[in-house]
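These numbers come from a predicted model, not from an experiment. Every chain is numbered from 1 and lettered A, B, ... according to where its sequence line falls, protein lines coming before strand lines.
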Amino acid sequence: MPHPMSPTQISKLQHHLHHWYNQNHRPMPWREIPNPAQNPYPIWLAEIMLQQTTVAAVIPYYQRFMQTFPTVHALANAPLATILHHWQGLGYYRRAHLLHQCAQYVSQQLNGTFPTTHSGLLALPGIGPYTASVIMATAYNQPATVVDGNVERVIARLFAIATPLPKAKPTITKHAAQLSCHQNPRIHANAVMELGATLCTPQSPKCPQCPISTFCKAYKAKNPTNYPKKITKKTLPRHQATAFLITDKQGNIYLRQRPTKGLLASLWELPHTGLPKDPPTPLPFNLTSHPVTRSSGHPVIQHTFTHFHLTLHLQTAQVQTIPKENRFHPQKNLPPLSTLMLKALKQVLITLKKP
DNA sequence: AAAGCGGGGGC
DNA sequence: GCCCCAGCTTT
């Protein structure tokens with residue numbers, strides 16, 4: 001495939017882009033750590049958190065993790081439950097499990113030293129092609145082609161790529177590789193992503209401020225938001241379930257732990273009638289759910305997961321004794337919970353207070 | 001190759 | 001409401 005840009009043009013594009021990045025990039029805590037090549041731990045941690053997650057959502061979690069687990073050894077030696085607790089609300093909880101596994105491997109098998117090659121990084125739990133490349137470029141300042149959602153969009157617009165994703169991924173990767181910069185891999189990788197995140201955005205790209213708009217085919221055609229093209233997705237199915245707030249007279253509540261695989265792996269939850277694909281789990285205390293009725297007065301939580309919408313109806317019940325392993329107090333010792341269950345708990349505790 | 005996996009923010 | 005996000009693992 002002949003590349004539409006000459007080496008001279010590529011060099012100019014890189015210069016404009018890198019200059020823009022140096023003047024305009026947002027400060028990010030993991031970029032300010034000195035000697036990332038000697039200690040890639042902060043960048044690795046941040047990159048795992050940044051998988052399918054925006055910078056703004058990650059920053060507070062990153063700060064708390066670095067405070068609590070300053071080294072890979074501290075993370076490796078922490079109980080999984082502690083890590084899940086700190087991860088609570090960030091989503092994609094499998095990442096927290098893989099983070100722990102990776103930290104234990106690096107701490108125990110590699111004496112705390114992360115691999116310095118792409119293939120070495122790729123072999124670690126939770127690190128795929130993208131994360132291995134971004135660590136090579138931004139921690140070690142080594143040439144690597146980084147293609148995330150931002151880069152896909154920038155490249156698709158720059159070359160007006162008509163093929164829809166994900167089929168266009170190999171072509172996009174090829175173009176991204178030919179634009180990449182062996183003189184300054186760290187700045188280049190960060191700059192393309194920063195451009196996609198701040199100017200070359202999905203909805204309203206700020207082309208007048210863009211340092212490389214003069215090279216951009218989509219800008220020339222005045223239709224940047226036509227790219228990247230994508231296959232249209234199906235509408236999400238809707239499901240309903242009923243959850244129970246079971247209390248005793250001391251104000252304890254009944255929680256149970258989910259399986260270690262699948263949706264919301266190993267997080268705790270109020271007992272409920274079952275989410276899609278959940279293995280059937282009996283309700284404790286021979287509880288039965290009322291027939292689901294509209295506007296019957298009980299609290300209702302709306303929540304959306306990746307693959308379905310959920311309407312969660314809430315009921316309450318009081319029992320004499322909650323088994324020790326299921327007994328928790330909302331103000332004292334809650335285990336790691338999903339955002340859905342935090343919402344439900346919050347809502348139903350408010351309702352109980354009002355007589 | 002496709003499916004499974006959260007949550008939040010922009011519009 | 002719909003779309004997107006510094007993707008990886010499993011099947």
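A/S338 comes within 4.0 angstrom of the backbone, heavy atoms only, and of no base. Counting any heavy atom pair closer than 4.0 Å across all strands shown, A/R186 reaches no nucleic acid atom. Within the 4.0 angstrom heavy-atom criterion, base atoms lie near A/T306.
One side chain, A/H18 or A/H188, offers a donor N or O that lies under 3.5 Å from an acceptor on the other. Side-chain contact of A/H239 with A/T311: a donor-acceptor pair under 3.5 Å is absent, judged by distance alone.
Separation of the A/H19 and A/Y21 ring centroids does not fall under the 6.0 Å cut-off.
Shown here, B/dG6 forms no base pair; nothing in the strands shown gives a Watson-Crick or G-U wobble contact with both key distances under 3.5 Å.
Seen from the ring of A/Y61, A/R64 counts as a face-on cation partner, given the 6.0 Å and 45° thresholds.
With DNA chain B read from its 5' end, the first of the two nearest nucleotides for A/H303 and A/K277 is the one closest to A/K277.
For the residue pair A/L84 and A/A96, the shortest heavy atom distance occurs at CD2-CB, 3.8 Å.
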**Message:** Does the protein touch nucleotides 3-11 of chain C at the base, only the backbone, or not at all? Give it as B, S and - per nucleotide, heavy atoms under 4.0 Å.
**Reply:** -SBBBSS--

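Protein chain A contacts DNA chain B from B/dG4 to B/dG8, reading 5' to 3' and using non-hydrogen atoms of the protein with a distance under 4.0 Å.
Nucleotides B/dG6 and C/dC3 have their C1' atoms positioned 15 Å apart, rounded to a whole Å. Look at the P atom in both C/dA6 and B/dC11: the space between them is 14 Å, to the nearest Å.
Ring geometry for A/W268 versus A/F328: interplanar angle over 60°, hence perpendicular rather than tilted (30 to 60°). Using a 30° and 60° split on the angle between ring planes, A/W44 and A/F114 fall in the tilted class, from 30° to 60°.
When the side chains of ILVMFWY residues are joined at heavy-atom separations under 4.5 Å, either directly or via intervening members, A/I246 and A/L345 end up in two distinct hydrophobic clusters.
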